[in-house]
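Here's the structure we're looking at; comments come further down.
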Protein chains: 2
Amino acid sequence: MLKIGKLTDYGVVVLNELAQAGALKLSTDDIAGLTGLALPTVRKVMKALVDSGLVMAQRGARGGYRLARAPGQIRMLDVVQAFEGPVALTECAADDHQCDITASCSLSANWGGINQLITQVLARVTLQDIRNPERQEQLVRDALPLTSFIELVNLS
Amino acid sequence: MLKIGKLTDYGVVVLNELAQAGALKLSTDDIAGLTGLALPTVRKVMKALVDSGLVMAQRGARGGYRLARAPGQIRMLDVVQAFEGPVALTECAADDHQCDITASCSLSANWGGINQLITQVLARVTLQDIRNPERQEQLVRDALPLTSFIELVNLS
DNA sequence: ATTAAAGCATACCAATACGGTATTGATTAA
DNA sequence: TTAATCAATACCGTATTGGTATGCTTTAAT
């Protein structure tokens, strides 16, 4: 499946609402209402977003949340990392953890290349892009010219 | 973390051994010995590889496994799909499952673009590439010219 | 035909991760 | 001072995953 967590997905949804709101601060209640997410879930999401510096929080009465930077400056990579930690496809790649399987494991180092490519993909797409389908299609067209035998998978 | 399963990683390790062996058939015992993986684990891995058509099995005495195609024809996308099913970052993208969160969820459709990009990345890299670090570095250099602000992450 | 080598299928268990929820505390504008 | 609002922590049930065990089927070699 190669999936990302639901929280990450929620994070994007929330960021979208904040982008929509612009300078206006949104409370957790506002966000819950706008997105349809449960309140405690929203809290959890907001914590990750604040901790990662993507969103600024103001406490106290009439407080709320707003984006810390412009949507064009918020990369999907940032969002994914905020919720899932560093992008590391394999365990070996994450820490320099010695694995007990033999020399074949030297291959794992090679996932690093794929890691890099995927990281680049996520770094290319910003919140602004994802809010604008046209821009996105353009990205897909431009970034990687298709090789002949590529099979496009599971685009619902 | 955006990780893939360990089994997928093991799968690549096993495929590497099979590529090394060439025309020679390897038994589960051989594979376990070469890779250091436990025998039951090897069985599980082989089942997935056979089911997906990447590897051919010959049963009976003097049987064993061999690659179904040349290493250059085995894409990482195939391997990932063999173990993890279709690449679908979000749940919404997987089936046309109606989610209960509001219109903001239309965003999820936009993950589709990223989905496509990542799928393309995985389709570009073959078993042959991953066995050859030089080739791989070349891929990284060629495929996606870096934009200025890209931060390379966690390459151990 | 028999036998032994080898793959195949299934089921089970433990550990971990994840999503979801609740509760209490800290801050700040009005 | 007070009420609104974010912050932090802790808890729990479930789902997934990795790992293991067991018994069955196929097939080459003798």
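Lettering follows sequence order; numbering is per chain, from 1. Hydrogens, waters and symmetry mates are skipped; everything else that's a heavy atom, side chains included, is used.
- Scanning for side chain to side chain donor-acceptor pair (under 3.5 Å) contacts around B:Gln73 gives an empty result, with sequence neighbours left out.
- By the salt bridge (charged side-chain N to carboxylate O under 4.0 Å, His left out) test, A:Lys25 is found to be paired with no residue, residues two or more places apart in sequence or in another chain being considered.
- Applying the salt bridge (charged side-chain N to carboxylate O under 4.0 Å, His left out) rule to B:Arg66 yields no partners; only residues at least two apart in sequence or on another chain are considered.
- Remark: B:Thr41 engages no residue in a side chain to side chain donor-acceptor pair (under 3.5 Å) (not counting sequence neighbours).
- Within the structure, a side-chain polar atom (N or O) of A:Tyr10 is placed less than 4.0 Å from OP1 or OP2 of C:dG20.
- What separates CG of A:Asp9 from P of C:dG20 is a distance of 11 Å, to the nearest Å.
- Across the protein-nucleic acid pair, B:Ile4 atom CD1 and D:dG18 atom P stand 10 Å apart, rounded to whole Å.
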Under 3.5 Å donor-acceptor pairs involving side-chain atoms of residues 43-56 of chain A, not counting sequence neighbours:
unit_1  : atom_1 : unit_2  : atom_2 : d
A:Lys47 : NZ     : A:Asp51 : OD2    : 2.8
A:Ser52 : OG     : A:Ala48 : O      : 3.1
A:Ser52 : OG     : A:Leu49 : O      : 3.0

Heavy atoms under 4.0 Å is the rule here; annotate nucleotides 2-12 of chain C 5' to 3' with B where the base is hit, S where only the sugar-phosphate is, and - elsewhere. ---BSSBS---

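- Put simply, CG on A:Leu39 is 16 Å from C1' on C:dT24, counting in whole angstrom units.
- Nucleotide D:dT16 holds its P atom 19 Å from the NZ atom of B:Lys6, rounded to whole Å.
- The nucleotide whose nearest atom lies closest to any side-chain atom of A:Ala38 is, among D:dA21, D:dG19, C:dT21, C:dT21.
- In this structure, the side chain of A:Asp30 engages the main chain of A:Ser27 through a donor-acceptor pair within 3.5 Å.
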